[in-house]
Colleague: 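Here it is: the structure, laid out below.
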Amino acid sequence: MVANQVSWMVGGPQGSGINAAAEILAKACSRGGLAVFSNIEYHSNIIGKHSFYRVRAGDGEIRSHVDEVHLLVALDKETLLGKKADPQVHHIGHLHQVVPQGGVIYDAALDMGTEEFGRGDLRLFPLPFLDLIEAGLRAGGKEGSGTQYQIMKNTVLLGATVALLDYDLGMVTTIIGESFTGRKAHLAHLNVEVARVAYAYVKEHFPAGIDFHLRAKADPPKQILIRGVVAAAIGKLKAGCGFQSYYPITPATDESFYLEARQADYDITVFQCEDEISSINMAVGAAYAGARSATSTSGPGLALMGEGLGFASITETAGPVVCLYQRGGPSTGLPTRTEQGDLHFALHPAHGEFEHIVVAPGDAVECFYATFEAFNWADRYQMPVIVLQDKFVANSYRTAPWFDTSGLTIDRGARFDPQTDAGGEAYRRYRFTASGVSPRSRPGQPGGMYRGTSDEHDPFGHIHEGIENRMSMVHKRRRKLALAAQEIPDEMKFQLHGPPVADVTLVSWGSPKGAILDAMAELSRHRSVNFLQVRLMRPFPVDAVARILREAKRSIAIEGNFSGQLTNLIREQTGVTVPQRIVRFDGRPFSQGDIVESVEKALATGDPVVELSHI
Amino acid sequence: MVANQVSWMVGGPQGSGINAAAEILAKACSRGGLAVFSNIEYHSNIIGKHSFYRVRAGDGEIRSHVDEVHLLVALDKETLLGKKADPQVHHIGHLHQVVPQGGVIYDAALDMGTEEFGRGDLRLFPLPFLDLIEAGLRAGGKEGSGTQYQIMKNTVLLGATVALLDYDLGMVTTIIGESFTGRKAHLAHLNVEVARVAYAYVKEHFPAGIDFHLRAKADPPKQILIRGVVAAAIGKLKAGCGFQSYYPITPATDESFYLEARQADYDITVFQCEDEISSINMAVGAAYAGARSATSTSGPGLALMGEGLGFASITETAGPVVCLYQRGGPSTGLPTRTEQGDLHFALHPAHGEFEHIVVAPGDAVECFYATFEAFNWADRYQMPVIVLQDKFVANSYRTAPWFDTSGLTIDRGARFDPQTDAGGEAYRRYRFTASGVSPRSRPGQPGGMYRGTSDEHDPFGHIHEGIENRMSMVHKRRRKLALAAQEIPDEMKFQLHGPPVADVTLVSWGSPKGAILDAMAELSRHRSVNFLQVRLMRPFPVDAVARILREAKRSIAIEGNFSGQLTNLIREQTGVTVPQRIVRFDGRPFSQGDIVESVEKALATGDPVVELSHI
Amino acid sequence: MTAQTYTAKDYKTDVASDWCPGCGDFGILRSVQRALAELHLPPHEVAIISGIGCSGKTPHYIGTYGLHTLHGRVLTVATGVKLANHKLTVLALGGDGDAYGIGAGYFVNAGRRNLNLTYIVFDNEVYGLTKGQASPTLDKGMRTKSMPDEAIVEGINPIALALSTGYTFIARGYALDVKHLVGLITRAIQHPGSALVDVLQTCPTYNNLHTRDWYAGKDRSGGQPRLYHLEDTGYDPLVHNPDDPDEVVAKKVQALARSYEGGDHIPIGIFYQLETTTLEEQLARRRPSLQTLAQVEMDVYDRDVSPLFEQLL
Amino acid sequence: MTAQTYTAKDYKTDVASDWCPGCGDFGILRSVQRALAELHLPPHEVAIISGIGCSGKTPHYIGTYGLHTLHGRVLTVATGVKLANHKLTVLALGGDGDAYGIGAGYFVNAGRRNLNLTYIVFDNEVYGLTKGQASPTLDKGMRTKSMPDEAIVEGINPIALALSTGYTFIARGYALDVKHLVGLITRAIQHPGSALVDVLQTCPTYNNLHTRDWYAGKDRSGGQPRLYHLEDTGYDPLVHNPDDPDEVVAKKVQALARSYEGGDHIPIGIFYQLETTTLEEQLARRRPSLQTLAQVEMDVYDRDVSPLFEQLL
Ligand SMILES: Cc1ncc(C[n+]2csc(CCOP(=O)(O)OP(=O)(O)O)c2C)c(N)n1
Ligand SMILES: Cc1ncc(C[n+]2csc(CCOP(=O)(O)OP(=O)(O)O)c2C)c(N)n1
Ligand code: SF4
Ligand code: SF4
Ligand SMILES: [Mg+2]
Ligand SMILES: [Mg+2]
């Protein structure tokens, strides 16, 4: 393992506050200049079911999680040992993931006999959670029973964690202070006291601690800690998005919340709709009216948006941009779990043949840039754009250098100009042009009036069923897609990570990116490895992908779905068959170790399909 | 041209009754033992816009239309010469389609100077339509002005047509009599009189007539005249369908109307819903309740049904069967025109990865059998089935031998039996089985109670997010699809028409079938030609199609869409590239001549794409 | 069928609920189970169809046939079930978001049909399962703890909406007044036609405005409860002469006026009831076989379609 | 903007209509054009959004901005347009199937918002463009010539539905009483908030029950018209004190009672009107820049997002 790198995990029932603790720890590590990757797993449930949060932090590049845990924090027995008896939620807990000599913080009140841990190598840290809360409250000048302030267990575990990892308590208490705002501001100092008490308790009672420590950088770089939803949201703001409609759905809602909280500061209209049919069509209406417009959703929502997307496309509306956060399907499926199961659907989301763009960023950084560009594409090519993320990218935090926005430019595409363009009766909104793009007006603009329709239409926008017109219109609209294929730069379309030529070429898209990148060093010890990450799904970078894969000595696809949707798409588009694929479709994300193991297995066995799971 | 074979066309404004005239003529030809193919083209409009109806009838096999017309009937000038000045509906009429020496019946009141026809070879039959109507009314004992009975122009043209084609007037008047029923019965004899008068008038005033005639068979076979919607409807009835929900949409509505009119006779519940989301989910509810259940729609409707289909699939509901009548897209598009644009969408109609079957019959006969079998598949594999038709198959009449239903058997699949299966608390609706299929109960059945859900679930049907269970469930459901792939017989999956090995292999699906078959004789004069018709789109007949295409010397795909959806699917599924394709995407169907010309062109030029249109 | 008797226990499952402690859903669950027991409905003849949300999970806890469907589509699935087998007792249930937001179109159109089913709406004024956004029943100006701002659109009045769309049994209950709610659900199930029971439901996790204590009036000076029983005021919801359009309108108008009562004086009970032909009855007129058999009981697998071919000759 | 004047001609296009001869849609088209002219609205500042159906084709014949959208989604698109540019006059229009069937959910939820737009429903009791099936407003027991059987579900009462969902201007017009209809549409456009004008529309092709002659009462012994003007009876639809909840309820109750009048005595006119804060006003409180600028007028293309990154440090 890398020195000064730690994998930490906390588990407990939904609603017990582990999120806050983990996120504060992650932020403290990030502020200390460490690389951080953190992510949560939880049931589709509000209070009670088992959830856990991982934080991996340290030196070097970290873009994924690992399965092993150096320090495990358990708020309940289930986190340790699972629920083996209950067929409904059967799982085996996380104790087995703890590395040799790893530490376990748990509530002393759980009354775990050491033999229950079943292994002698662990460093055990039973803590009197309620007592520590009470002590902290007292220190903060508040008498109160620990039971009443149960939720502060999360602060106890945070203080204890910092003590064991030997990290910077001051940094953590600062962040605790920052994170209680508004109605909760008065709780800040109490929590700080509780964290201090827990820290002191651990330092005092467990001086030996554990062997895994984290040290903040002396001169930390200016880095941010960001997750997919927020990256996309900031991308939208930076791009000048003026309208976002949404209907609540996991895991997309967080993005809209983020924007909603900033609507006044950033002059954006964020609107909660009655359903996703409304969201998409409002977004189309707003785009038609001239705003840069967007919505975001996950699979079940997109299943209601197809008609609206086709409508936007045939009316050559400039947008909307639709952020699709994939989750475990089909149907309601695994609503809080991750999957890459919607690629085919995003490519053909409704009846008929229409033009749209589908881009699939691989991490939060790409989410930002892809979402930003999506608006330029929507305007330039006058069609909707789908930005395909998944729950894993959406919810996972990672560190990244402060985003460079200097190179970002806004391009609103061809717009009707009453000074230079034929207007009034002569204005042809859908004029046949060589590029396929016709300058668009917006309601309110004198001289640019037209009547549009979801029916096939003539250059003026009126219903037209004639053959000649129809064919010209289809060609016109298709030219725009061809133009997009031509103009969008290669680096937005795909990236070949690693050496240009290698013994093994991994092929993937979206969220497995981080784990693949992190796994490459180890995989490369025995052979050279490179990694083709496909980003633009439509228009597809046919020639480049075909060339790279034809030149590849051996290629293996890696996807978070059952059927290998990218693998299929590549074959459809290029005729090239990627002969092996590694798939995961249990709703869980790929870890760094998953990639190493499964690629080794695929190479060793030659099996066409390697299925992954960790129980 | 084949002797005793005629291509006839009538054109006029929507609502002018040309449908009735054409359909009576078609029926008379069918009853006379001739092969018939007839189809209509019309605007998305109720009254007034140009529409035309073609009837091709005669000896030999006829499964398509031809572009040339032997006898044209024009109720208005637009039918003859189009509307060249009006940019909104620009077209050039049908006069140019009339063959040398062909006949033209038209209303003398149109006041067409012969020079307006622009060619001297035609046989012109200006008729005093209103006078003939009045004469007929008088003969029927009714004084009335022709203006008031304008609609009877269609009967005039019918009588005149029969006279010129020298066909059997008695047969036609019998059918006229049959076609006025219910509230309209009193009009039967008036129309018969009008037809007689028109017939006599033509015989008297135009004794030379035309050179193209139709003669009924002396001993006509027992054949039926059927179109896709009716074939599918009867297929549903024969299969024991107990529930059909629908929401009106062109061109699917006719199927539901047909069933609705027979609900009492055939004990089927037919229900008009508030929209297609309701249609699909009611159909799922009915299937869950134990009925064989169905709905039908076209593209915009399917765009609202995806979520319901995914729901049916994850709950392993036995159905519903969804008849999808493709029409011109995208969006509202060309709502009364044909297209094969929904294949990709039908294959991936919603988010996530789920199981369903997609079958695409090529003509009305296949519609019947495919729809029938669809219910067996829905029951056997417990998943929804999409039967993919298009407007052209749906609305075109063709003759066919009386359907042989003797070989049809109903298979309701594995059902829970309280006598032999573990019931009550022990009943596992989603028991893991080797085939993937678990016997299903229905509400009302004692011992078979379970709780189902659109979430991922355990064998009992309860929400379950565990990894092991998830993977087993995905595999279980996928096994059913594999089973379907194994069990469905080859002849349902595809058909290789013509010689097993040929110089040129045409590849197509759905409605171009008729035109391709009819074109093969001519195409085969210069080289050997066969035709691979793919019927089952999911599960796809991978091996057979790959084998046939790999063995093909030269293959050309023919599709009624822009992007070559089957071509793409074949490549995705088999890796085989069909190097050339002929496409038509102007909303119009392929004629026999279209196929001949475009295949010759494709062979001559080697162009990867040959686009078709006739203006 | 021998007349068997049942108790609430017979409608339980051994599935652990994953609702939050103290959730009002428990009260509704218990009320449904008791109502089924009071009516002694054989569990296998009951189908409980639900939407998606916290509320949507209810069927998993009831020992009848159950189907947990899609968000907003519960009435469409339930209608399909009932049309296919009208001998079943069909209960539809789900959240207020499910019912009046994404499902509003189906709510309206199901009302018109007067199909004999009972719809129980879990009205907690929030989207529970997606973490507490405003649901359509939250009133304008209100702000729960998970909302960034006050609601700026009118709340839906479910009683008024149901009145205008044709439900023939319209009631409001309270999740924590189980005895009263059992009565409402029992009568809703007995009612021949579309029945709505909108149930005020506490959501201790997200709805901090309308809590158990608030309904109980704990914050009021006199401490009187905010809820009262309509029937205690002599209110008569029943249309006595269904053929008298004037009485129908009068009873609707009366119910409408009452439905707007609120604040510290919130009526629960039956607002409106009209006994008139159900959709099943009308269908059975058109299709006499439905008078004795449910659609799923008919043997339709050996149909003679040759008359249909005859018509095509 | 110089105050320019307009006449109905200024709102015409040269596109040939493809409605059937005698269709009531012509009357509605003319009324919209005249209302726009009476208000002297600059054509380029008007956006007319329509659904799918015969009625949906209307924008092609009006010389303003227009968008002919999807079946049942007209209000969602119109809402998006208005939210993006509240300075536009936005008219939504479409068929009764569009509005109360497939679009019912959007009808309900748009009502709640009180966004300042006018919805004109072409109420012909049939699905015109798909050839005459019953639309949701066709009453139970009715059968038009294209229906195989009588309708067996209740017809929607658009006025009652609008009342229960929050529209603040609710009127009924008649397509062939153009003068009266112009007045209704004019006032609906002037009304600040969600306005519904349900227009009884003749469909000579499919609706053989409620024809021009029927409305005119030609078949009645005295030959009196079946329609009367509400305002002629002294009816007062206006809520005079919007802050008085009792008056609001009273006016709703009054309107509801009146909305059920029918048969030979059908009221047209304004049923209900309430002037209260619009959605735009509320949004502008939250977002003061909206008080002067429309969203599309704001320069949002050079935003400084660095404070957002700061928060992520
Ligand atoms: C099509 C679709 N959109 C969104 C969601 C996400 N979702 C799940 S539950 C829910 C709201 C639940 O609120 P409500 O219906 O009031 O039920 P409650 O949880 O309050 O009982 C939403 C929006 C979904 N499952 N499907
Ligand atoms: C999603 C969808 N379903 C069905 C249709 C078919 N369709 C077109 S118009 C229409 C009904 C029109 O009726 P109405 O809204 O009353 O308008 P009208 O034609 O009477 O003016 C229907 C069902 C469609 N276009 N889209
Ligand atoms: S979130 Fe609210 S409604 Fe959902 S289970 Fe918890 S308390 Fe009940
Ligand atoms: S069908 Fe009816 S509504 Fe449609 S255009 Fe014709 S008359 Fe008008
Ligand atoms: Mg709720
Ligand atoms: Mg209508």
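Only heavy atoms go into these numbers, but all of them, side chains included; no hydrogens, no water, no symmetry mates. In this text, all values refer to a predicted model and were calculated from it rather than measured experimentally. The chains referred to below are lettered A, B, ... by the order of the sequence lines, with proteins before strands, and numbering in each begins at 1.
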Colleague: Looking at every heavy atom in both D/T168 and D/P192, which two are closest together, and how far apart are they?
Modeller: OG1-O, 4.4 Å
Colleague: Heavy-atom pairs under 4.5 Å with chain A are the metric here; pick the option from D/S289, D/G66, D/G105 that has the most.
Modeller: D/G66
Colleague: If I measure from the heavy atoms of chain A, does D/I49 come under 4.5 Å with its side chain, its backbone, both, or neither?
Modeller: side chain
Colleague: Any salt bridge between A/D458 and A/R428, counting N to O under 4.0 Å?
Modeller: no
Colleague: Of the listed residues (A/S30, A/S245, A/G242), which shares the most heavy-atom pairs with chain D below a 4.5 Å separation?
Modeller: A/G242
Colleague: Hey, what's the ring geometry for A/Y427 with A/F416, parallel, tilted or perpendicular (30° and 60° as the breaks)?
Modeller: tilted
Colleague: Could you tell me which portion of A/T315 (side chain, backbone, both or neither) has an atom closer than 4.5 angstrom to a non-hydrogen atom of chain D?
Modeller: side chain
Colleague: What part of A/Y266 gets closer than 4.5 Å to chain D, counting heavy atoms only: side chain, backbone, both or neither?
Modeller: both
Colleague: Check each atom of A/Q223 against the heavy atoms of chain D and say whether the ones under 4.5 Å are side chain, backbone, both or neither.
Modeller: backbone
Colleague: Counting heavy-atom pairs under 4.5 Å with chain A, which one of D/V81, D/D18, D/L312 comes out on top?
Modeller: D/L312
Colleague: Select one option (side chain, backbone, both, neither) describing which atoms of D/K82 are under 4.5 Å from chain A's heavy atoms.
Modeller: neither
Colleague: Using modelled atom types and a 3.5 Å cut-off, is there a donor and acceptor pairing between side-chain atoms of A/S441 and backbone atoms of A/G448?
Modeller: yes
Colleague: Find out whether the Lys NZ or Arg CZ of A/R429 is both under 6.0 angstrom from the six-membered ring centre of A/Y450 and within 45° of the ring's axis.
Modeller: yes
Colleague: Among the options D/D299, D/N85, D/T79, D/I48, pick out the one with the most heavy-atom pairs lying under 4.5 Å from chain A.
Modeller: D/T79
Colleague: Quick one: what part of D/T13 sits under 4.5 Å from any heavy atom of chain A, side chain, backbone, both or neither?
Modeller: side chain
Colleague: Return the option, out of A/W402, A/F243, A/F271, with the maximum number of heavy-atom pairs under 4.5 Å with chain D.
Modeller: A/W402
Colleague: Give the member of D/E310, D/R113, D/R112, D/K87 that has the highest number of heavy-atom pairs under 4.5 Å with chain A.
Modeller: D/R113
Colleague: Aromatic ring centroids of A/H464 and A/H457 under 6.0 Å?
Modeller: no
Colleague: Based on non-hydrogen pairs under 4.5 Å, which of D/F309, D/Y65, D/Y106 is most in contact with chain A?
Modeller: D/Y65
Colleague: Considering non-hydrogen atoms only, spot the tightest contact between D/L91 and D/I120 and give its length.
Modeller: CD2-CD1, 4.2 Å
Colleague: Tell me, side chain or backbone of A/Y258 under 4.5 Å from chain D's heavy atoms, or both, or neither?
Modeller: side chain
Colleague: Please work out whether the ring planes of A/F403 and A/F368 are parallel, tilted or perpendicular, with thresholds of 30° and 60°.
Modeller: tilted
Colleague: Please look at A/I410 and chain D and tell me whether the side chain, the backbone, both or neither of the residue comes under 4.5 angstrom of a heavy atom of that chain.
Modeller: side chain
Colleague: Sort A/R442 into side chain, backbone, both or neither according to what part of it lies under 4.5 angstrom from a heavy atom of chain D.
Modeller: both
Colleague: Heavy-atom pairs under 4.5 Å with chain D: which of A/I277, A/I314, A/V230, A/D265 has the most?
Modeller: A/I277
Colleague: Can you say whether D/L293 sits under 4.5 Å from chain A via the side chain, the backbone, both, or neither, judging by heavy atoms?
Modeller: neither
Colleague: Between D/P288 and chain A, with a heavy-atom cut-off of 4.5 Å, which part of the residue counts as in contact: side chain, backbone, both or neither?
Modeller: neither
Colleague: So what's closer than 4.5 Å to chain D heavy atoms on A/D275: side chain, backbone, both or neither?
Modeller: side chain
Colleague: Could you report the tightest heavy-atom contact between D/T64 and A/R451, atom names first, then the distance?
Modeller: O-NH1, 2.8 Å
Colleague: Is there a donor-acceptor pair closer than 3.5 Å between any side-chain N or O of A/S293 and the backbone N or O of A/A283?
Modeller: yes
Colleague: Please report the C-alpha distance between A/Y246 and A/E255 in whole Å, then the side-chain angles of each, then the deciding distance to 0.1 Å, and finally whether the side chain to side chain donor-acceptor pair (under 3.5 Å) criterion is met.
Modeller: CA-CA 9 Å; A/Y246 76 99; A/E255 188 211 288; over 6 Å; no
Colleague: Measure across D/F107 and D/A99 and return the closest heavy-atom pair with its distance rounded to 0.1 Å.
Modeller: CB-O, 3.6 Å
Colleague: Where does A/K27 contact chain D at under 4.5 Å (heavy atoms): side chain, backbone, both or neither?
Modeller: side chain
Colleague: With respect to chain D, which residue among A/I175, A/V284, A/I234 yields the maximal number of heavy-atom pairs within a distance under 4.5 Å?
Modeller: A/I234
Colleague: Among A/A287, A/C241, A/P220, who wins on heavy-atom pairs under 4.5 Å with chain D?
Modeller: A/C241
Colleague: If you tally heavy-atom pairs under 4.5 Å against chain A, which of D/T69, D/L67, D/L83 wins?
Modeller: D/L67
Colleague: Pick from A/A264, A/A291, A/P443, A/A289: which one has the most heavy-atom pairs with chain D under 4.5 Å?
Modeller: A/P443
Colleague: Answer with side chain, backbone, both or neither: which region of D/L313 has an atom nearer than 4.5 Å to a non-hydrogen atom of chain A?
Modeller: both
Colleague: Give the intermediate values and the outcome of side chain to side chain donor-acceptor pair (under 3.5 Å) for residues A/R262 and D/Q311.
Modeller: CA-CA 12 Å; A/R262 286 154 183 85; D/Q311 292 162 10; 2.9 Å; yes
Colleague: With only heavy atoms counted, which part of A/T399 is less than 4.5 Å from chain D, the side chain, the backbone, both or neither?
Modeller: neither
Colleague: Under 4.5 Å from any heavy atom of chain D, what part of A/I280 do you find: side chain, backbone, both or neither?
Modeller: neither
